[in-house]
A.B. asks: 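Structure below; questions to follow.
The sequence lines fix the lettering, A, B, ..., with proteins before strands; numbering per chain opens at 1.
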Amino acid sequence: MLKELKARYKKKKNMKAIVDCNSFYCSCERVFRPDLAEKPVVVLSNNDGCIISISDEAKKLGVTMASPYFKMKKFIAENGIETFSSNYNLYGDMSRRVMDTLKAIIGKENVEVYSVDEAFLCMDEVRPEALQSFAKHIKDTVEQWTGIKVSVGVATTKVLSKVANRLSKKNKIATQGVMILNTPEKVTDALCKTQVSDVWGVGRKNAEKLIKFGIEDAYQLSNMNEEWARKNLGGVVGVRLIKELKGTPAIMMEDELVNKKMIASTRMFGSPVTSMQDIKEAVATYTSRAAEKLRRQQSAAGVITVFVVPKEEMLAHEHFRHGPTVSAHVTLPKATSITNDLIKPAMQLVEQIYKQGNLYKKAGVILSAIVPDATIQGNLFASEASNNKRMLMHMIDNINFSMRDDALKFASSGTERNWKMRQELRSPRFTSRWNELCEVK
DNA sequence: TCTGGGGTCCTAGGACCC
DNA sequence: TCTGGGGTCCTAGGACCC
């Protein structure tokens with residue numbers, strides 16, 4: 001058994017890396033505010049609702065992830081923590097720079113962008129003895145080219161590379177932000193230092209369950225067999241997880257740019273909304289945004305769902321939960337990506353679910369049953385009008401892309417925007433707006 | 001007063017068919 | 001009067017991720 005394991009590590013092919021940006025949103029803010037380099041920083045979610053990115057310094061002060069801002073406001077002020085509303089234009093742009101850097105280093109085909117601040121790399125071409133220095137090279141280059149600090153974890157499977165990454169982050173000085181698990185001993189050691197709740201793929205529910213079984217760290221979990229996992233850990237999902245922990249790849253590298261199967265646009269309102277008109281405006285705006293995403297991947301949607309969430313009273317001691325969602329959907333006669341053809345049914349759905357007298361705190365649109373857009377080439381048999389509509393859509397997308405802030409809107413989106421979210425502490429969009437460029441004095 | 005906004009995958013169970 | 005068993009497809013909802 002051990003021999004087998006050793007042999008596998010000796011071959012050392014199939015190594016994967018995860019590159020993960022440190023406190024990504026905070027780091028983005030700091031790139032343009034060097035004065036904040038060593039200072040505690042946090043970034044808030046949309047609507048300034050809760051804290052979603054925390055610098056190490058703020059972490060040390062005791063700020064925790066996902067805590068509601070209104071509860072932390074006083075503490076933040078008292079401790080001089082710098083606070084930003086989220087600025088997704090900036091983060092999206094910085095993300096692209098980081099990913100482009102990775103692609104330049106190791107080749108586009110070896111990069112799987114996993115989220116805005118993470119990418120898996122296929123390390124097959126890297127010689128085993130060079131893994132450490134190569135990983136360090138990646139880290140240093142990204143930092144030099146973009147100003148964003150990253151951590152790198154390398155192992156035979158995605159789950160193990162996440163384990164490595166997490167430990168390198170926790171111990172930045174000793175590891176220099178890089179950890180390679182290339183021997184059975186190193187893997188065992190890393191697993192012993194990882195609690196089950198910190199394993200990628202184990203959420204709150206399963207962590208509680210595992211602890212009841214007496215399984216507390218990742219090493220114990222890795223020793224469970226697959227049949228046990230099938231029964232007790234969510235079927236095939238659990239089986240994959242155990243395999244990965246044992247060092248057998250079960251979650252493969254994926255090709256980039258898989259089209260979305262569902263596209264949503266939803267927001268909390270800045271303050272609760274009662275009028276149907278306001279909800280319609282919001283839903284029309286979300287529909288436009290979702291349709292843009294749809295066209296960007298050259299798809300059309302066959303089903304549109306609209307939902308609203310009424311505001312509900314909650315007792316002070318209650319654990320936060322979302323209220324009951326009220327939704328309705330309709331199957332369109334023909335899949336479409338034309339904003340107008342989506343807004344019309346969306347408005348009817350709003351009328352279906354809206355109740356006079358209710359206070360609403362959130363609404364959203366979900367497009368599903370997504371198929372490739374058959375009319376994308378300009379259909380010879382389609383009416384001229386529908387081809388013209390497509391041209392119009394292209395123009396709107398292009399103008400909005402260059403000017404941003406939805407320079408062109410559909411009339412139904414309204415101009416008052418009583419429902420618009422709060423965003424009081426946003427930093428300038430340094431990299432995507434000419435009039436907000438960094439000023440050098 | 002005030003708790004984000006996306007996504008994915010899987011399973012169970014109902015409807016339907018032969 | 002009797003009312004099986006197996007397959008497929010779809011949907012809602014759960015769990016998880018960042």
A.B. asks: What string of B, S and - do you get for nucleotides 11-18 of chain C, 5' to 3', if B is base contact, S is sugar-phosphate-only contact and - is no contact with any protein heavy atom under 4.0 Å?
C.D. replies: -S--SSSS
A.B. asks: Would you measure the distance from the C1' atom in C:dC18 across to the matching atom in B:dC2 and give it in whole Å?
C.D. replies: 24 Å
A.B. asks: Can you tell me which nucleotide in B:dC9, B:dT3, B:dG6 comes closest to the side chain of A:M268?
C.D. replies: B:dT3
A.B. asks: Between P on C:dC10 and CE on A:M262, what's the gap in Å once rounded to a whole number?
C.D. replies: 19 Å
A.B. asks: Figure out the NZ/P separation between A:K260 and B:dG7, and round it to whole Å.
C.D. replies: 6 Å
A.B. asks: Provide, to the nearest angstrom, the distance between the NZ atom belonging to A:K158 and the P atom belonging to B:dT8.
C.D. replies: 14 Å
A.B. asks: If you pin A:G234 and A:A264 to their nearest nucleotides in DNA chain B, which one's is more 5'?
C.D. replies: A:A264
A.B. asks: Sequence neighbours left out, what passes salt bridge (charged side-chain N to carboxylate O under 4.0 Å, His left out) with A:K39? Give chain and number order.
C.D. replies: none
A.B. asks: What pairs of residues pass the side chain to side chain donor-acceptor pair (under 3.5 Å) test when at least one of them lies in residues 230-245 of chain A, not counting sequence neighbours?
C.D. replies: A:T157-A:E244, A:E227-A:R230
A.B. asks: Please report, rounded to the nearest Å, how far the P atom of B:dG6 is from the OH atom of A:Y88.
C.D. replies: 9 Å
A.B. asks: Return each pair, listed once, that meets side chain to side chain donor-acceptor pair (under 3.5 Å) where at least one residue sits in residues 211-222 of chain A; pairs must be two or more places apart or across chains.
C.D. replies: none
A.B. asks: To the nearest angstrom, how far is A:R289 atom CZ from B:dG6 atom P?
C.D. replies: 8 Å
A.B. asks: Distance-only criterion, 3.5 Å: show the donor-acceptor pairs between side-chain atoms of residues 18-26 of chain A and protein atoms not counting sequence neighbours.
C.D. replies:
unit_1: A:D20; atom_1: OD1; unit_2: A:K169; atom_2: NZ; d: 2.9
unit_1: A:N22; atom_1: OD1; unit_2: A:S151; atom_2: OG; d: 2.8
unit_1: A:S23; atom_1: OG; unit_2: A:I54; atom_2: O; d: 2.8

A.B. asks: Could you list the residues that satisfy ring-ring contact (aromatic ring centres under 6.0 Å, His included) with A:W228, not counting sequence neighbours?
C.D. replies: A:F213
A.B. asks: Could you tell me how far B:dC16 sits from C:dG4 if I compare only their C1' atoms? Round to whole Å.
C.D. replies: 15 Å
A.B. asks: Could you tell me whether the phosphate oxygens of B:dC2, OP1 or OP2, come under 4.0 Å of any side-chain nitrogen or oxygen in A:K311?
C.D. replies: yes
A.B. asks: Enumerate donor-acceptor pairs with a distance under 3.5 Å from any side-chain N or O in residues 190-203 of chain A to protein atoms, sequence neighbours excluded.
C.D. replies:
unit_1: A:K193; atom_1: NZ; unit_2: A:D189; atom_2: OD2; d: 3.0
unit_1: A:T194; atom_1: OG1; unit_2: A:A190; atom_2: O; d: 2.9
unit_1: A:D198; atom_1: OD2; unit_2: A:R166; atom_2: NH2; d: 2.9

A.B. asks: Using the side-chain contact (heavy atoms from CB on, under 4.5 Å) criterion, which residues pair with A:S368? Sequence neighbours excluded.
C.D. replies: A:V303
A.B. asks: Does A:K362 have a side-chain nitrogen or oxygen under 4.0 Å from the phosphate oxygens OP1 or OP2 of B:dG4?
C.D. replies: no
A.B. asks: Which of residues 236-243 of chain A have a heavy atom under 4.0 Å from DNA chain B?
C.D. replies: A:V236, A:V237, A:R240
A.B. asks: If pairs are Watson-Crick or G-U with both distances under 3.5 Å, what is the dot-bracket string of DNA chain B, marking crossing pairs with [ ] and pairs to another strand with |?
C.D. replies: ....||||||||||||||
A.B. asks: Tell me the interatomic distance from A:L44, atom CG, to B:dT3, atom C1', rounded to whole angstroms.
C.D. replies: 12 Å
A.B. asks: List for me each residue that meets side-chain contact (heavy atoms from CB on, under 4.5 Å) alongside A:E351, sequence neighbours excluded, and say none if there are none.
C.D. replies: A:M276, A:K280
A.B. asks: So what does A:S67 hit on the nucleic acid, given a heavy-atom distance under 4.0 Å: a base, only sugar-phosphate, or nothing?
C.D. replies: nothing
A.B. asks: In whole Å, what is the span from the CD1 atom of A:I366 to the C1' atom of B:dT8?
C.D. replies: 13 Å
A.B. asks: I'd like to know if the side chain of A:S86 reaches the main chain of A:L44, judged simply by a donor and an acceptor atom lying under 3.5 Å from each other, with no hydrogens or angles considered.
C.D. replies: yes
A.B. asks: For A:K16, check side-chain hydrogen bond (donor to acceptor under 3.5 Å, both in side chains) against everything at least two apart and list the hits.
C.D. replies: none
A.B. asks: Using whole Å, report how far CG of A:N47 lies from P of B:dG5.
C.D. replies: 7 Å
A.B. asks: Between A:G235 and A:P272, which is nearer to the 5' end of DNA chain B once each is assigned its nearest nucleotide?
C.D. replies: A:P272
A.B. asks: For the pair A:K103 and A:E112, find out whether any cationic side-chain nitrogen is under 4.0 Å from an anionic carboxylate oxygen.
C.D. replies: no
A.B. asks: Which pair of heavy atoms, one from A:S161 and one from A:F120, lies closest together, and at what distance?
C.D. replies: OG-CE2, 3.9 Å
